[in-house]
Amino acid sequence: VGQSYSSVLSGSGGSPPYQWSLGGGQLPPGLSLDGPSGQIGGTATLAGPFSFNIKLNDNGGSSANQNCSIAVAAALAVGIGGLPDGSQGSNYSQTLSASGGQPPYTWSVAGGSLPPGVSLGSSGQLIGVPSAAGTFALTVRVTDKTGGGATGDLSIRIASGLSIGSCP
């Protein structure tokens with residue numbers, strides 16, 4: 001959903017030029033079939049499996065039919081939820097989640113900053129030992145295997161670590 005799609009149908013035999021048409025069923029909403037070229041293209045607006053029949057007519061009046069289908073995956077999205085608080089000087093570990101698109105996913109920081117000492121791995125795991133307290137706002141980007149991407153805004157609150165001020 002939301003990504004450009006293009007595929008050209010192929011035919012052989014008969015008497016060109018060919019004319020392609022939809023013989024039944026439904027293309028995914030947002031996609032259309034160009035009759036002379038046989039190109040199905042556009043940007044799908046709804047996820048799901050879509051079955052349809054393609055009809056091919058040639059210049060001599062012959063025709064052929066074939067059942068086809070296109071599965072449209074849901075749009076890629078960052079699973080936004082509250083990240084747990086951490087504590088300065090203590091191990092921090094949290095794995096980010098995504099939905100839709102086509103796994104595997106690759107993660108990166110697109111803006112803002114992580115707490116010093118914490119890093120985001122390409123698999124979506126935030127890990128490290130925060131060395132500073134505060135609230136850290138960041139934007140993460142997830143990319144799926146098709147190159148589609150999505151971003152999400154997150155924040156991590158790191159509390160001051162326990163310490164002794166002075167001894168008598």
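Atoms considered below: every heavy atom in the structure, side chains included; atoms not considered: hydrogens, waters and symmetry mates.
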Counting distance only, does the side-chain N/O of Asp144 pair as donor-acceptor with the main-chain N or O of Gln102 below 3.5 Å?
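The answer is yes, because a donor-acceptor pair under 3.5 Å joins these two groups.
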Would you confirm whether Tyr92, through its side chain, and Pro84, through its main-chain N or O, come within 3.5 Å as a donor-acceptor pair?
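Indeed, once roles are kept as given, a pair shorter than 3.5 Å links the two residues.
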Does [X] reach the side chain of [Y], with side-chain heavy atoms less than 4.5 Å apart?
X      : Y      : value
Gln26  : Phe52  : no
Ile158 : Asp85  : no
Ser93  : Gln125 : yes
Val140 : Leu120 : yes
Leu31  : Ile70  : yes
Phe136 : Leu114 : no
Pro116 : Val118 : no
Leu126 : Thr95  : no

Membership question, hydrophobic clusters at under 4.5 Å side-chain separation (ILVMFWY): are Leu83 and Val129 in the same one?
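In one cluster with Val129: Leu83, no.
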Do Val1 and Leu46 share a hydrophobic cluster (ILVMFWY, side-chain heavy atoms under 4.5 Å, transitive)?
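Yes; tracing contacts between hydrophobic side chains, which count when under 4.5 Å, links both residues.
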What closest approach, in Å, do [X] and [Y] show between heavy atoms, and which atom pair accounts for it?
X      : Y      : value
Val72  : Ala44  : CG1-CB, 3.7 Å
Gly101 : Pro103 : O-CD, 3.9 Å
Gly148 : Leu76  : O-CD2, 3.3 Å
Ala133 : Ala159 : CB-C, 3.9 Å
Pro115 : Pro130 : CB-CB, 4.4 Å
Gln88  : Ser160 : OE1-CA, 3.7 Å

Testing Leu154, Val109, Thr151 for side chain to side chain contact (heavy atoms under 4.5 Å, CB included) with Thr139, which one passes?
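Only match with Thr139 under side chain to side chain contact (heavy atoms under 4.5 Å, CB included): Thr151.
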How long is the span from the [atom1] atom in [X] to the [atom2] atom in [Y], to the nearest 0.5 Å?
X      : Y      : atom1 : atom2 : value
Trp20  : Ile54  : CH2   : CD1   : 7.5 Å
Tyr5   : Ile40  : OH    : CD1   : 6.0 Å
Ser12  : Asp58  : OG    : CG    : 11.0 Å
Tyr105 : Leu96  : OH    : CG    : 12.5 Å
Gln19  : Lys55  : CD    : NZ    : 11.0 Å
Trp107 : Ser122 : CH2   : OG    : 11.5 Å

No-hydrogen, no-angle side-chain donor-acceptor test under 3.5 Å, Ser7 and Gln39:
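Side-chain D/A pair, Ser7 to Gln39: absent.
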